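Worksheet: one structure, shown below.
Order of the sequence lines fixes the chain letters, A, B, ..., with proteins taken first and strands second; residue numbering starts at 1 for each chain. Predicted model only: the values in this text are computed from it and were never measured.
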There are 2 protein chains.
Amino acid sequence: MRRPAKRVTSADVARAAGVSAATVSYVLNDTPGQSIPEETRRRVLDAVKRLDYRPRGSARSLAAGRSDVVLLSIPHLSIGPGINRFVEQFATALADAGLTLVTHLAGAPGRPLPDVCAAIDASVVVSLDPLDDETVQALRRAGADLVFTTEFEAHPTMRLMGRLQAEHLIDLGHRRLGYAMPEHPLLRKIAGDRLAGVAEACAHAGVDPPTALDTRLDGAAMARAARRWRRESVTAVCAYNDEVAIALLMGLRRAGLTAPGDLAVIGTDDIPLAQAADPPLSTIAFDLEKVGRSLADAVVANLSGRKPRLTPASLSPHVIHRAST
Amino acid sequence: MRRPAKRVTSADVARAAGVSAATVSYVLNDTPGQSIPEETRRRVLDAVKRLDYRPRGSARSLAAGRSDVVLLSIPHLSIGPGINRFVEQFATALADAGLTLVTHLAGAPGRPLPDVCAAIDASVVVSLDPLDDETVQALRRAGADLVFTTEFEAHPTMRLMGRLQAEHLIDLGHRRLGYAMPEHPLLRKIAGDRLAGVAEACAHAGVDPPTALDTRLDGAAMARAARRWRRESVTAVCAYNDEVAIALLMGLRRAGLTAPGDLAVIGTDDIPLAQAADPPLSTIAFDLEKVGRSLADAVVANLSGRKPRLTPASLSPHVIHRAST
DNA sequence: ATGAAAGCGCTAACAG
DNA sequence: CTGTTAGCGCTTTCAT
């Protein structure tokens, strides 16, 4: 499995193509202001293919002073399983612009983000986690010349999600809402923002403020919570996410209640099980793929000096109405 | 957000500490065979901290001929949500050995693995996806001097998981088993391996071969499947994973049946919802954290020339018995 | 249109 | 013990 291995270098390609290393570089980078005759270009590209040559990123960025590597930092507790679809689109769109994406799982006691950034010499860092100013500075010193902190977990979008949940329920005629808070401490902050959105919507519609209850992913506990809501005349609850919502659906069943008759339920994320749930779960979803693409656009635009355009609106969460409400 | 930024270099540190760049390198790398007086070391380390200096990975690996970057390739359709726990442990254990982990989502139409490897100049590549020989060669040429392909999706472990599911059910007295195949084409191969394991266990126990049915994540479809199994006297079914299992649980309910009385169900992965399910779902789980650590050990051992030890056994899936069986 | 040459920031002999 | 000196593989003026 181990071996020294002598990697192919640009000099090898140059030799094979009968040109200089400089020319190889020109061809491979489409260096502006260099006119390469078709014939030469072909010879070089040929040698590249034949030798399966790949420029070493380290040498490249050392010489050029910038790399084409983008580092994405994802929070440990990710934004549902849809994150994959997001990353996929993001990576693809970046690749189209000649950029390479790698990912780092934040929060772990592993290596701090700036260290990783320096280690791989990323020139762009995108964080789905909020980054404090100090970290951003450290990232700059570490060599990042572009740092993006997305609004994923920021108040406006989170509040909007809560608002959408509540508005959907209120539109359906509910006048007393519950909110199912997640048990995990790291989720509480986000949950708080979403709950605030729910409260906003309630206030705006002139209905009672929501009754928030802490919930565990546990059938018995959920059954208890359900009864408690019923006791307080709550007729519909916004769950932190689809997991919580499905657990609640199961808790309802165990308590001998049904959705949406006894208690309507709405989640967020649109996980695969949401459709399989009984009744199928209403939920709030992002078009994660679109988000991935527009984020990539923003990165590329910024890199090429053009103005970026990444408004929270481009996250555009939307309601998916299914039988659970 | 943008800026040229003048990064701190080792020369800056040398100047600030009143030593040469070489000495800085010696101190930072604990270069064997170099004895640095405590006083000098302190001055250097001091300057490093003061300037928040981080060696550029590109320069480092260019000069040293090897980087401390490990690239992990994860399949698009990941091994359940537990993957995060795995990555976390893996990253942490690697960090303890001075290695930096970054992740790549395979399968996307983004950039091929070898390109990514070359771009970040990784010296170790670990793939949770099976890698064909050609790719492994390409990775070597791309600069990886260590390539690991784990057994995660390989036959032995997958078969073992199926066998464990079946044995658990058979131990419980079931004599006719069903298998719930996932609908996603990319999952069929893995599912096939697991089903083979189920069949093995059945043969070994002298009971009828399992009745496999294709299933969609959809309540109505699951209800139909449940009835079909019942018709064929199946009393227990092994589900491809917990998602499928939970959907089946819901389908059962919709068909007016109960688990485990009418049909026992067992999944795999132990996702959070497994405990919240009603009844709580029996399942097969890995100790993903242990896997992460032992994989890191194997990488480090191999890198330092010692023999690696990563047997399929170190994946050790085990049964979690809950009320659904 | 192409090549020669000078580094990019760092490590690794080799001197001293 | 520490500094000097070569490069690592590539890009990028600057000549030609």
Side-chain angles (χ1 to χ4, degrees), chain A residues 4-44 48 51 53-69 98 118-121 123 141-143 145, chain B residues 4-44 48 51 53-69 98 118-121 123 141-143 145:
Chain A
K6 32 56 274 329
R7 336 204 230 248
V8 189
T9 78
S10 103
D12 295 331
V13 175
R15 202 169 314 119
V19 298
S20 77
T23 304
V24 173
S25 173
Y26 295 149
V27 171
L28 260 42
N29 300 319
D30 272 321
T31 310
Q34 296 285 347
S35 25
I36 310 284
E38 206 39 56
E39 154 69 6
T40 307
R41 166 185 308 282
R42 216 191 33 65
R43 282 220 316 281
V44 171
V48 166
L51 295 141
Y53 165 72
R54 269 172 253 268
R56 276 193 104 186
S58 45
R60 235 162 162 305
S61 55
L62 191 51
R66 66 204 138 58
S67 79
D68 58 2
V69 174
I120 63 172
D121 207 9
S123 61
R141 281 188 299 263
D145 27 51
Chain B
K6 68 276 129 226
R7 335 202 231 252
V8 190
T9 79
S10 104
D12 295 331
V13 175
R15 203 169 312 119
V19 298
S20 79
T23 303
V24 173
S25 173
Y26 294 149
V27 171
L28 260 42
N29 299 320
D30 273 319
T31 310
Q34 295 286 343
S35 24
I36 311 283
E38 206 38 58
E39 154 70 6
T40 307
R41 167 187 305 283
R42 217 191 33 65
R43 284 219 315 281
V44 171
V48 165
L51 292 124
Y53 166 71
R54 270 171 252 269
R56 277 193 104 185
S58 44
R60 234 163 162 306
S61 55
L62 190 51
R66 67 204 137 60
S67 79
D68 57 3
V69 174
I120 63 173
D121 209 9
S123 61
R141 279 188 300 259
D145 26 50

Legend entry - Position toward the 5' end of DNA chain C (nearest nucleotide), V8(B) or S35(A):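 The residue whose closest nucleotide sits nearer the 5' end is S35(A).
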Please determine, for the side chain of [X], which listed nucleotide ([options]) has the closest atom?
| X | options | value |
| --- | --- | --- |
| A59(A) | dT11(D), dG9(D), dG3(C) | dG9(D) |
| L62(A) | dG9(D), dC10(C), dT11(D) | dG9(D) |
| A22(A) | dA4(C), dT11(D), dC1(D) | dA4(C) |
| Y53(A) | dC10(C), dC10(D), dT2(D) | dC10(D) |
| P37(B) | dC1(D), dG3(D), dC8(D) | dC1(D) |
| Q34(B) | dC14(C), dG9(C), dT11(D) | dC14(C) |

Rounded distance in Å - [atom1] ([X]) to [atom2] ([N]):
| X | N | atom1 | atom2 | result |
| --- | --- | --- | --- | --- |
| R15(B) | dG9(C) | CZ | C1' | 13 Å |
| E38(A) | dA1(C) | CD | P | 12 Å |
| D121(B) | dT11(C) | CG | P | 14 Å |
| D30(A) | dT11(D) | CG | C1' | 15 Å |
| R141(B) | dG9(D) | CZ | C1' | 18 Å |
| Y26(B) | dT2(D) | OH | P | 11 Å |
| R42(A) | dT2(C) | CZ | P | 13 Å |
| R56(A) | dC10(C) | CZ | C1' | 13 Å |

Inset, instruction - Would you please confirm or rule out a distance under 4.0 Å between OP1 or OP2 of dG3(D) and any side-chain N or O of T23(B)? - result: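 It does, given that an N or O in the side chain of T23(B) lies less than 4.0 Å from OP1 or OP2 of dG3(D).
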Tell me what [X] touches on the nucleic acid: a base, only sugar-phosphate, or nothing, going by heavy atoms under 4.0 Å.
| X | result |
| --- | --- |
| T9(B) | sugar-phosphate |
| T40(B) | sugar-phosphate |
| A64(A) | sugar-phosphate |
| V24(B) | nothing |
| R66(A) | sugar-phosphate |

Inset, instruction - Determine the minimum heavy-atom distance between Y53(A) and L28(A), stating which atoms define it. - result: CE2-CD2, 3.5 Å
Whether [X] side chain and [Y] backbone form a donor-acceptor pair below 3.5 Å:
| X | Y | value |
| --- | --- | --- |
| R54(A) | A142(B) | no |
| S58(A) | D121(B) | no |
| S123(A) | S67(A) | yes |

Inset, instruction - For R7(B) and D12(B), run salt bridge (charged side-chain N to carboxylate O under 4.0 Å, His left out): C-alpha distance rounded to whole Å, both residues' side-chain angles, the deciding distance at 0.1 Å, then the answer. - result: CA-CA 10 Å; R7(B) 335 202 231 252; D12(B) 295 331; over 6 Å; no
Legend entry - Close side-chain approach of R15(B) to T9(B), heavy-atom, < 4.5 Å: no
